[in-house]
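Got a structure for you, written out below as structure tokens; questions coming shortly.
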Amino acid sequence: AEQEEIRLLYFEQRAKTYIEEVLVPALGISVFYYVMEFAWARRFRDQGAAGRGQIHFHLLGWLESGEPHHIISVGNSRDSVVVTPLE
């Protein structure tokens, strides 16, 4: 159990550092919220094998400008998303 806690703390520190030192300046994020979770692959459990429990995070950030990031309106023809700012 102690090894899992060490891994979780290590991942959390790396994720937070990545967010603060890479994503915040690159995207102009002023406020962010992240959640860490473990991915337990259902397809493996259904076959009688345990999932791998991969740690990952989901991030919600607010840009300093208050506008959607330009990459949100960029997409391929199959999966395009266009966001119109509120007036």
Side-chain angles (χ1 to χ4, degrees):
E2 185 176 324
Q3 289 181 348
E4 286 82 11
E5 291 174 12
I6 292 170
R7 283 188 216 128
L8 180 59
L9 291 172
Y10 179 72
F11 178 81
E12 181 177 23
Q13 186 59 46
R14 286 193 60 183
K16 189 173 179 185
T17 300
Y18 176 72
I19 293 167
E20 292 174 345
E21 294 185 10
V22 176
L23 295 181
V24 166
L27 300 176
I29 297 173
S30 60
V31 178
F32 65 87
Y33 172 78
Y34 67 95
V35 175
M36 294 188 312
E37 64 181 38
F38 298 90
W40 298 105
R42 179 174 292 174
R43 67 176 185 248
F44 297 124
R45 273 195 313 240
D46 293 344
Q47 297 170 3
R52 294 180 288 176
Q54 295 174 330
I55 305 172
H56 63 281
F57 68 89
H58 298 267
L59 174 73
L60 174 65
W62 192 261
L63 301 182
E64 292 172 357
S65 67
E67 297 292 322
H69 194 271
H70 70 276
I71 201 168
I72 291 176
S73 61
V74 175
N76 61 35
S77 60
R78 184 187 73 199
D79 194 25
S80 183
V81 175
V82 177
V83 176
T84 305
L86 297 174
E87 308 246 356

Are Tyr10 and Ile55 in one and the same hydrophobic cluster, where Ile, Leu, Val, Met, Phe, Trp and Tyr link if side-chain heavy atoms are under 4.5 Å apart? no
Partners passing side chain to side chain contact (heavy atoms under 4.5 Å, CB included) against Tyr18 (at least two apart in sequence or in another chain): Val22, Leu23, Phe57
To the nearest 0.5 angstrom, please state how far the CD atom of Glu37 sits from the NE2 atom of His56. 3.5 Å
Applying side chain to side chain contact (heavy atoms under 4.5 Å, CB included), name anything that partners Glu20, two or more places apart in sequence or on another chain. Lys16, Phe32
Do Leu27 and Trp62 land in one hydrophobic cluster if side-chain heavy atoms of ILVMFWY residues count as linked below 4.5 Å? no
Where is the tightest heavy-atom contact between Ile29 and Gly61, given as atom of each residue plus distance? CG2-CA, 4.1 Å
In chain order, what residues pass the side-chain hydrogen bond (donor to acceptor under 3.5 Å, both in side chains) check against Thr17, with sequence neighbours excluded? Gln13
With sequence neighbours left out, the residues meeting side chain to side chain contact (heavy atoms under 4.5 Å, CB included) with Arg7 are Gln3, Glu4
The remaining residues in the hydrophobic cluster of Leu9, counting side-chain heavy-atom contacts under 4.5 Å among Ile, Leu, Val, Met, Phe, Trp and Tyr, are none
